**Student:** 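First the structure, which I've put down as structure tokens, then a few questions once you've had a look.
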Amino acid sequence: MKRFIYILLALAGLGSSVSCNPDMLDTNPTDRISGTTLLNTTEGGFQALNGSIRMLWQWGWTTSGNQHQCVGPQGYNLMADLMGEDMVMAAMGNGWFWYDYLYSVKDMWTSSAWRSYDLWNYYYTLISNVNYIINAQETMEGSESDRNYIIGNAYAIRAYCYAYLGMIFARSYIGHEDRLCVPIYTEPTVSGTPGKARATNREVFGMAMSDINNAISLIGSTAKLHVSHFDQYSANGLKARIALYMGDYQTAHDAAAAALAGGASYTFDPSYHFNNASDASVLWGAEIIATQGTTNPQFLAHMDKDFGGYGDAARKCVSEWLYSRIDENDARRAWWTSEVMPDGSTVALQQYKFQFGNKQGSEVTDPTTGADHIFMRAPEMQLIVAETACRLGNETEAREALNALMSSREPGYDCSSLSGTQLGALTTDETGSLLEEIILQRRIELWGEYGRIYDIKRLRQGFERTSDMGHPVDAIAALNSLHTEDPESFDWVMTVPQTEIDANPLILQNPLGSYASGSNEGDDPALAPQSGATGSEGE
């Protein structure tokens with residue numbers, strides 16, 4: 001079957017280890033050691049774990065084309081930001097991410113060079129790899145603490161993958177708990193392993209929550225060996241994300257508070273430009289060293305105009321609507337500056353939030369360093385504490401949490417007069433509630449680093465784009481045939497790739513349009529192919 005789940009060693013040797021201990025964690029070439037041998041010991045387990053972790057940011061392996069926009073979590077968050085209303089792409093440039101912005105990728109599900117294939121391949125390959133590691137829990141020789149650390153990190157990676165598969169390939173969890181999501185695989189897979197039907201949102205996110213709880217339990221108080229690994233704090237941060245998306249607000253609140261207990265800072269640092277994973281605010285990221293770095297195919301190359309190329313030709317800007325809601329005394333306004341775009345006529349709010357670390361003035365001196373990947377920061381956790389406290393009726397705590405965050409961003413900020421949880425039908429409909437204020441600050445703070453469409457989905461709101469926001473004509477017109485004002489729409493649900501449909505007769509396709517049409521697409525379990533169908537797993 002032409003499916004994308006590879007055995008562990010297919011990608012474990014993508015490059016040198018990310019660990020601080022190269023003797024322990026150096027990854028052997030894949031043709032010199034068997035998967036069984038590799039996972040016999042914790043030394044091999046560390047090699048396998050680090051090979052999988054490097055896949056989080058290594059570009060070029062998920063598709064047969066368009067690889068420069070397939071750069072791991074930061075690239076997919078950029079994709080999801082551009083699918084919303086708060087990020088403006090001022091021009092097509094080289095074309096990377098432009099078709100995500102125009103909602104023109106779902107109908108390319110038959111291609112191995114576009115988003116459907118890219119995303120499905122990315123997450124399921126990672127799942128396949130860590131399934132081998134998890135399966136070795138009882139047989140891996142070595143110290144118990146090392147084994148628990150390895151298996152715990154593998155569980156966290158699997159939780160991350162299933163959660164984001166659900167966010168991308170299914171409608172919101174809230175309101176669609178028992179609608180179809182994606183298949184679940186927990187055992188090692190090889191060529192010929194039977195394919196599975198799509199599980200429900202409840203089952204997939206339940207699996208993700210079970211996995212992250214296992215990760216937290218196994219990792220315990222062990223300090224992370226590297227910033228790219230999980231410890232109890234970053235694992236709790238991921239748990240908070242998953243629970244927030246599910247609407248499990250008490251769990252999200254407690255996990256976010258636990259994530260902050262490690263001392264990561266949520267104060268504002270005006271010198272930080274999201275290029276250093278060792279920053280005090282970072283809970284989870286990837287350190288990039290020169291031998292592992294790259295030039296164009298990376299997140300900052302798409303963001304920093306001073307690098308030239310992608311970032312200059314296709315400027316990433318904030319919407320005028322969102323920028324106008326930032327107080328004049330808010331230090332975050334410096335993340336954006338009104339500029340004339342390269343076409344010589346368009347004026348937009350160019351971003352400066354994300355910049356390469358190695359710059360002399362406005363010149364990038366070395367794009368292979370000073371370009372770490374940032375996957376999670378402490379301010380997100382503080383905002384989750386504020387939001388969930390508000391939703392749980394603890395408005396005093398919510399105000400205190402938001403005021404604490406804002407104290408280093410906007411002098412004199414005070415939300416003590418705000419109350420309530422009402423949100424507008426559209427993201428631009430303002431109610432004046434405390435919850436809306438928290439979400440607004442979240443939109444500002446996490447611009448470019450979280451994936452706006454994921455929040456729009458979970459909040460069950462619709463959105464629009466207008467010229468007053470700064471969106472170009474093509475981006476506005478792209479929504480004319482869609483129904484992004486309707487939370488029930490499938491517009492922001494990715495199609496399953498053709499290779500999976502061909503390989504697995506148990507798969508029901510997502511709608512290509514805004515709504516299901518016919519009996520062979522949608523998320524209704526009643527329409528799913530019967531389990532008596534046959535199919536195999538692997539490639």
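These figures come from a predicted structure and were not determined experimentally.
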**Student:** Below 4.0 angstrom, N of the basic side chain to O of the carboxylate: do R198 and D523 qualify?
**Tutor:**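 Looking at D523 together with R198, the answer is no, because their closest N to O distance does not fall below 4.0 Å.
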**Student:** For the aromatic rings, using the six-membered ring if either is Trp, is the centroid distance between W492 and Y103 under 6.0 Å?
**Tutor:**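 No, the ring centres sit 6.0 Å or more apart.
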**Student:** Would you kindly say whether N236 and Q232 are connected by a side-chain donor-acceptor distance under 3.5 Å?
**Tutor:**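 No, no side-chain donor-acceptor contact under 3.5 Å.
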**Student:** Spell out, as yes or no, whether a donor-acceptor pair under 3.5 Å connects the side chain of N403 to the backbone of R399.
**Tutor:**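 Side chain of N403 to backbone of R399, a donor-acceptor pair under 3.5 Å: yes, one is there.
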**Student:** Set out, in order, the CA-CA distance, both residues' side-chain angles and the distance that settles ring pair (Phe, Tyr, Trp, His ring centres under 6.0 Å) for Y352 and W336, then state yes or no.
**Tutor:** CA-CA 6 Å; Y352 285 91; W336 302 280; over 10 Å; no
**Student:** For the pair R332 and E410, find out whether any cationic side-chain nitrogen is under 4.0 Å from an anionic carboxylate oxygen.
**Tutor:**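 Between E410 and R332 there is no salt bridge, as every charged N stays at least 4.0 Å from the carboxylate O atoms.
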**Student:** Between W335 and Y323 (judged by ring centroids, cut-off 6.0 Å), do the two rings come close enough to count as a pair?
**Tutor:**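 No, too far apart.
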**Student:** Measure from the side-chain N and O atoms of D429 to the backbone N and O of L426, and report whether any donor-acceptor pair falls under 3.5 Å.
**Tutor:**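 Yes, because the side chain of D429 sits within donor-acceptor range (under 3.5 Å) of the backbone of L426.
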**Student:** Step by step, work out the side-chain hydrogen bond (donor to acceptor under 3.5 Å, both in side chains) result for N77 and Y454.
**Tutor:** CA-CA 9 Å; N77 290 344; Y454 305 139; 4.7 Å; no
**Student:** On a heavy-atom basis, which atom in I438 and which in A398 lie closest, and how many Å separate them?
**Tutor:**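 Scanning both residues completely, I find the closest heavy atoms to be CD1-CB, 4.3 Å.
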**Student:** Taking R465 for the side chain and G84 for the main chain, is one N or O donor matched with an acceptor at less than 3.5 Å?
**Tutor:**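 Yes, because the side chain of R465 sits within donor-acceptor range (under 3.5 Å) of the backbone of G84.
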**Student:** May I ask you to decide if S281's main-chain N or O and S265's side chain share a donor-acceptor pair within less than 3.5 Å?
**Tutor:**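 Checked: no pair found.
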**Student:** When you measure from the side chain of N358 to the backbone N and O of T365, does any donor-acceptor pair fall under 3.5 Å?
**Tutor:**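 No.
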**Student:** Return the minimal non-hydrogen interatomic distance between D524 and L180, and the atom names on each side.
**Tutor:**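 Result for this residue pair: O-CD1, 3.9 Å.
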**Student:** Pair H273, F354 - check ring pair (Phe, Tyr, Trp, His ring centres under 6.0 Å), show working.
**Tutor:** CA-CA 5 Å; H273 293 294; F354 303 92; 9.3 Å; no
**Student:** Mind listing the closest non-hydrogen atom pair of W447 and D81 along with its distance?
**Tutor:**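 Of all heavy-atom pairs spanning W447 and D81, the closest is C-OD2, 4.3 Å.
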**Student:** Report yes if some heavy atom in the side chain of Y162 is under 4.5 Å from a heavy atom in the side chain of Y124; otherwise report no.
**Tutor:**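 Contact flag for Y162/Y124 side chains = yes.
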**Student:** Mark yes or no for whether D330, through its side chain, and I326, through its backbone, hold a donor-acceptor pair below 3.5 Å.
**Tutor:**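 Here the side-chain-to-backbone pair does not exist.
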**Student:** Counting C-beta onward and ignoring hydrogens, is there a side-chain heavy-atom pair between Y515 and D486 closer than 4.5 Å?
**Tutor:**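 Y515 reaches D486 side chain to side chain.
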**Student:** Are any of the side-chain heavy atoms of I53 and H229 separated by less than 4.5 Å?
**Tutor:**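 I53 reaches H229 side chain to side chain.
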**Student:** Under a 3.5 Å distance rule, please check whether Q350 uses its side chain to pair with a backbone N or O of E339 as donor and acceptor.
**Tutor:**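 Judged by distance alone, no pair lies under 3.5 Å.
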**Student:** D211 vs R158, test: salt bridge (charged side-chain N to carboxylate O under 4.0 Å, His left out). Steps then yes/no.
**Tutor:** CA-CA 7 Å; D211 279 352; R158 195 170 75 181; 2.7 Å; yes
**Student:** Does T495 offer a backbone N or O that forms a donor-acceptor pair with the side chain of S116 under 3.5 Å?
**Tutor:**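 Yes, S116 side chain to T495 backbone: donor-acceptor pair under 3.5 Å.
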**Student:** Measure the shortest side-chain to side-chain distance between L283 and L260 over non-hydrogen atoms and say whether it is less than 4.5 angstrom.
**Tutor:**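 Not touching, per the 4.5 Å side-chain cut-off.
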**Student:** Hey, does Y413 have a side-chain heavy atom less than 4.5 Å from the side chain of C415?
**Tutor:**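 Of all side-chain heavy-atom pairs linking Y413 with C415, at least one is under 4.5 Å.
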**Student:** Passes ring pair (Phe, Tyr, Trp, His ring centres under 6.0 Å), Y160 versus W284? Steps please.
**Tutor:** CA-CA 12 Å; Y160 162 78; W284 181 35; 5.6 Å; yes
**Student:** Please check this pair: side chain of K353 against backbone of E445, looking for a donor-acceptor N/O pair closer than 3.5 Å.
**Tutor:**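 The answer is yes, because a donor-acceptor pair under 3.5 Å joins these two groups.
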**Student:** Just by distance, do the side chain of S408 and the backbone of F268 share a donor-acceptor pair under 3.5 Å?
**Tutor:**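 Judged by distance alone, yes, a pair lies under 3.5 Å.
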**Student:** Name all pairs fulfilling the ring pair (Phe, Tyr, Trp, His ring centres under 6.0 Å) condition that reach into residues 236-256, sequence neighbours left out, sorted by first residue then second.
**Tutor:**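 Qualifying pairs: F205-Y245.
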**Student:** When you check the gap from the basic side-chain N to the acidic O, do R460 and E488 get nearer than 4.0 Å?
**Tutor:**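 Answer for the salt bridge query: yes.
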**Student:** Against the six-membered ring of W321, is R325 placed for a cation-pi contact (under 6.0 Å from the centre, within 45° of the normal)?
**Tutor:**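 Ring-cation test returns yes.
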**Student:** Picking from F169, W109, Y164, what satisfies ring pair (Phe, Tyr, Trp, His ring centres under 6.0 Å) with W120?
**Tutor:**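 So, applying the ring pair (Phe, Tyr, Trp, His ring centres under 6.0 Å) to W120 and each of F169, W109, Y164, only F169 qualifies.
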**Student:** Give every donor-acceptor pair under 3.5 Å between a side-chain atom in residues 470-483 and any protein atom, sequence neighbours left out.
**Tutor:**
residue: H471; atom: ND1; partner: Y101; partner atom: OH; Å: 2.7
residue: H471; atom: NE2; partner: E85; partner atom: O; Å: 2.9
residue: H483; atom: ND1; partner: E485; partner atom: OE2; Å: 3.2

**Student:** What is the ring orientation for H373 with W57, classed by angle as parallel under 30°, tilted 30 to 60°, or perpendicular over 60°?
**Tutor:**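 It falls in the tilted class, 30° to 60°.
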**Student:** Does a salt bridge link R452 with D86, judged by any charged N lying under 4.0 Å from a carboxylate O?
**Tutor:**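 The answer is yes: the pair qualifies as a salt bridge.
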**Student:** What orientation do H302 and Y310 show, parallel under 30°, tilted 30 to 60°, or perpendicular over 60°?
**Tutor:**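 The arrangement is parallel - the two ring planes meet at less than 30°.
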**Student:** Establish, yes or no, whether the cationic atom of R442 lies under 6.0 Å from the six-membered ring centre of Y450 and within 45° of the ring axis.
**Tutor:**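 Positive - R442 is close enough to the ring of Y450 and near enough to its axis.
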**Student:** Indicate, with yes or no, if the rings of Y76 and Y122 have centres closer together than 6.0 Å.
**Tutor:**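 Between Y122 and Y76, which both carry aromatic rings, the centre distance is below 6.0 Å.
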**Student:** Run the numbers on T63 and N66 for side-chain hydrogen bond (donor to acceptor under 3.5 Å, both in side chains), then give the verdict.
**Tutor:** CA-CA 7 Å; T63 68; N66 296 303; over 6 Å; no
